[in-house]
Every structure is written in C-alpha cells, then in structure tokens.
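Encoded as structure tokens, the structure appears first; notes follow it.
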Amino acid sequence: LREFGIEPEVRVMSAHRTPHIVSSFAAEAEGRGMQVIIAAAGGAAHLAGVVAGHTTLPVIGIPIGGTELNGLDSLLSTVQMPAGIPVATVAVGGGGATNAALLAIQIMALSDKDLKDKLHKYKIKMVEKVTKKDTELQQRIGN
C-alpha cells in the first residue's frame, strides 16, 4: 500500500477477544476516511465477517495459516459468509496479503486516476520482470 502512496491504518483486534473494539473500529471507519478494510485472521477467522457486519465499506479477508489445519480452517471461515455480509477472500499466506493490498488499490483506483496510473505502471513492471527472467532463461539454455 505504501508503494502506492497509501498510508494504512494497522491495528491488532480480535473478533472474539475484543468484539467491542472491532465493532467500533468498523462502524467508524468510513467517517475516518477509510475506503476499504483488510482483515487478516487465523483459526476461526471471524474478524472479516464481524467487520463486514458493522460497515458498508468493502472488506477483504486474508485467511492466515499456522494452525493445525494449515490455514484451511481460516480459509473456510473467511469465505463462508452469510448472504448480505460480503467479504472478498484472498489466498492463505503471503500471496494473500499482497493480493489483498492490490485488490484494495484496484477498488480505490475506480475513483482515483492517479492511483489507477500507478496500478498500470505496477502491472507493466510485473510483465517486464517476467519477460526479463524468460530472456535470461532462454540465454542460459541456449534458445
């Protein structure tokens, strides 16, 4: 997010241990200028759903691994939201965190041309990195 000039608000909260803090945070987020909320949680992973129940902002859930089920429990908890409480869910682990940030940026870029331009440049850099790796590989194997 910072790479795109977005200063995130980062907090530690628990849907089960601090439910009053979570509900206040989510209910007040839009008034503080937030546009998207990313919620990462492991185990029962109810955080994103609880947040989504207290706001109309888009919520992206990141299921965290590290449990006995290697994040499968987190994934299922995050993706199984009841009708009316949407949570966009990304992959378990580090790729999920990156994709959550990029999805949030894509949502915000719908109404921010500068952010959209930065996103286009980011995607071009990804293409350039992959094509450079391919060129290097082709040279190493003699193609």
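One is the number of the first residue; the rest follow in order along the sequence.
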>> Using side-chain heavy atoms (C-beta onward) and a distance below 4.5 Å, is T89 in contact with P63?
In response: yes
To the nearest 0.5 Å, atom NZ of K129 lies from atom NZ of K125 at 9.5 Å
I'd like to know whether I37 forms a side chain to side chain contact (heavy atoms under 4.5 Å, CB included) with I60, so could you lay out the CA-CA distance, the side-chain angles of the two residues, the decisive distance to 0.1 Å, and finally the verdict. CA-CA 6 Å; I37 298 174; I60 303 168; over 6 Å; no
Same cluster or not: are L76 and M81 linked, directly or through other Ile, Leu, Val, Met, Phe, Trp or Tyr residues, by side-chain heavy atoms under 4.5 angstrom apart?
-> no
Separation between CD1 (I62) and CG (L75), nearest 0.5 Å, reads 12.5 Å
query = Is Q138 atom CD crowded by more than 12 heavy atoms from other residues, nucleotides or ligands, each under 6.0 Å away?
reply = yes
Between A88 and L103 the two heavy atoms that sit nearest each other are CB-CD2, 4.0 Å
When rounded to the nearest 0.5 Å, the distance separating OG of S77 from CG of L47 is 11.5 Å
Taking T131 for its side chain and E128 for its backbone only, find out whether a donor-acceptor pair lies under 3.5 Å. yes
Here the side chain to side chain donor-acceptor pair (under 3.5 Å) pairs for residues 8-21, sequence neighbours left out, are E9-R32, S14-R17
Quiz item: Would you say the side chain of M108 lies within less than 4.5 Å of the side chain of F4, judging by non-hydrogen atoms?
Solution: no
(message) Under the criterion side chain to side chain contact (heavy atoms under 4.5 Å, CB included), I'd like the reasoning laid out for V22 against H54: C-alpha separation, chi angles, the key distance, then a yes or no.
(response) CA-CA 9 Å; V22 172; H54 287 89; 5.7 Å; no
Margin query: For residues V36 and V79: do they belong to one hydrophobic cluster (side chain heavy atoms under 4.5 Å, members Ile, Leu, Val, Met, Phe, Trp, Tyr)?
Written below: no
Heavy-atom closest pair (L1 atom, P8 atom, distance to 0.1 Å) is CD1-CB, 3.8 Å
Between the CG atom in L110 and the NZ atom in K116, the distance rounded to the nearest 0.5 Å is 6.0 Å
Does one hydrophobic cluster hold both V90 and V87, with members joined at side-chain heavy-atom distances below 4.5 Å? no
> Would you say the side chain of L102 lies within less than 4.5 Å of the side chain of L119, judging by non-hydrogen atoms?
Replying inline: yes
All heavy atoms of L69 vs all of D73, minimum pair found to be CD1-CB, 3.7 Å
Cluster check I107, I38: I/L/V/M/F/W/Y, side chain < 4.5 angstrom: yes
Heavy-atom closest pair (E30 atom, T56 atom, distance to 0.1 Å) is OE1-OG1, 3.4 Å
* D117 and K113 ion-paired at < 4.0 Å -> yes
Of all heavy-atom pairs linking G43 and T67, the shortest is N-CG2, 3.6 Å
Rounded to the nearest 0.5 angstrom, the CD-CG distance for Q35 and L115 is 8.5 Å
Short question: side chain of S74, backbone of I64 - any donor-acceptor pair under 3.5 Å?
yes
